[in-house]
Amino acid sequence: MESKEMDYQLAIEKVYSQISCAENIGEVATYIPELGCVDPAKFGVSLTTLKNESFGIGDCQEKISIQSIAKVLSLTLAYNIKGQELWKRVGVEPSGTPFNSLVQLEYDQGIPRNPLINAGAIVICDILLSNLKDPEHELISFVREVSQVNEISYNKSIARSEKSVGYRNRALINLMKSFGNIKNDINQVLDFYFILCSIEMTCQELSRTFLYLASDGVDPISGKKILSLSRSKRINAIMQTCGFYDEAGEFSFRVGLPGKSGVGGGIMAVHPERFCIAVWSPKLNKKGNSYKGMKFLEQFTTETGLSVF
Ligand code: GLU
């Protein structure tokens, strides 16, 4: 089906009602206590096109903890600051291990496999800390600029909650520090990382924010260049191969769009030249991806025939 003829609202509603009736398997993330308080029945979808037409259903106007989806924003910011230099500190290969795994980091001598797993995002935070005068303020300003929503912020209770149980992230950063791949004070880097992970957005805001990745790095609504064409293409490539923990192959196979998930149950995915779509359902499968979110996107790309392949 051609995009001109596509009735996105109808397509979303049809798939939403199918998936709403299906069983809701999985568990809400409870390893971060504050995330465990969310209602597991929540389910929202929003799609925004390059022409700024927005379609939504369910809980798409509720703020969610975007968690690792924010790693795409920190990567964008750091890539613009460091360019090619970035890849000396972090790789671009899928990890094939869980998002918070320590094993591979030891083998790879403190160089994380990619910027979308925890270790990689922590290195990106370290780079931002070294290069920004007021990292917290500049990160939030950047997110507000890209989303065009001035009140976007992070949730302090979630950031505190993450900090209170951040044992694995602490282990990852200590290991990387021992290999010389963390330059700043580890507590400062982790505090900044927890701020990044606890940014909140609605599905509608998510689907608006990442339009630049569907549009060669340029925000199609404001016309502002967020990234060069080449960098935008590369971030999409990293999302396609590394955006879903050790289930990136499965997501590519079943959905066929570049995207990124977070343990808050959100998933955003882009269709270059067409749209960005965001889905939220808090129950996660064993790999840490939203169970219904993945089901919805699989069904959506199957019904509409809209994938990158
Ligand atoms: N803040 C989470 C953590 O560091 C992010 C995990 C995720 O969404 O993948 O464990």
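As the structure lists them, so they are numbered: ligands from 1, and atoms in each ligand from 1.
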A student checking ligand 1 against Cys197 at a 4.0 Å heavy-atom cut-off should list atoms 1 (N)
Is there any side-chain hydrogen bond (donor to acceptor under 3.5 Å, both in side chains) pair reaching into residues 182-201, and which pairs are they, with sequence neighbours excluded?
-> Lys71-Tyr193, Asn118-Tyr193, Asp126-Asn184, Ser130-Asn184, Asn155-Glu200, Lys163-Asp191, Arg170-Asn187
Asn169: numbered ligand 1 atoms lying under 4.0 Å from its heavy atoms = 3 (C), 4 (O), 10 (O)
Compare Ser68, Ser261, Gly266 and give the one whose heavy atom is closest to atom 9 (O) of ligand 1.
-> Ser68
Heavy-atom contacts under 4.0 Å between Tyr193 and ligand 1: side chain, backbone, both, or neither?
-> side chain
Can you pull the salt bridge (charged side-chain N to carboxylate O under 4.0 Å, His left out) pairs that have at least one residue in residues 111-124, sequence neighbours excluded?
-> Asp108-Arg113
Quick one: which ligand 1 atoms are inside 4.0 Å of a heavy atom on Val263?
-> 6 (C), 7 (C), 8 (O), 9 (O)
Test log, rule salt bridge (Lys or Arg N to Asp or Glu O under 4.0 Å), inputs Arg254 and Glu298 | CA-CA 5 Å; Arg254 283 167 42 183; Glu298 177 179 7; 3.0 Å; yes
At the 4.0 Å heavy-atom cut-off, does Tyr31 count as touching ligand 1?
-> yes
Between Glu162 and ligand 1, which residue portion shows a heavy-atom distance shorter than 4.0 Å: side chain, backbone, both, or neither?
-> side chain
So, His271 side chain and Ser307 main chain: donor-acceptor pair closer than 3.5 Å or not?
-> yes
Has the side chain of Gln109 got a donor or acceptor atom that lies under 3.5 Å from a matching backbone atom of Glu106?
-> no
Proximal atoms of ligand 1 relative to Gln67 (non-hydrogen, under 4.0 Å) = 1 (N), 2 (C), 5 (C), 8 (O)
Run the numbers for me: atoms of ligand 1, each under 4.0 Å from some heavy atom of Gly262, listed by number.
-> 8 (O)
Would you mind running through ligand 1 and noting each atom that sits below 4.0 Å from a heavy atom of Tyr245?
-> 7 (C), 8 (O), 9 (O)
Hey, are Lys14 and Glu303 close enough for a salt bridge, meaning a charged N less than 4.0 Å from a carboxylate O?
-> yes
Decide if atom NZ of Lys63 counts as having more than 12 heavy atoms of other residues, nucleotides or ligands within a radius under 6.0 Å.
-> yes
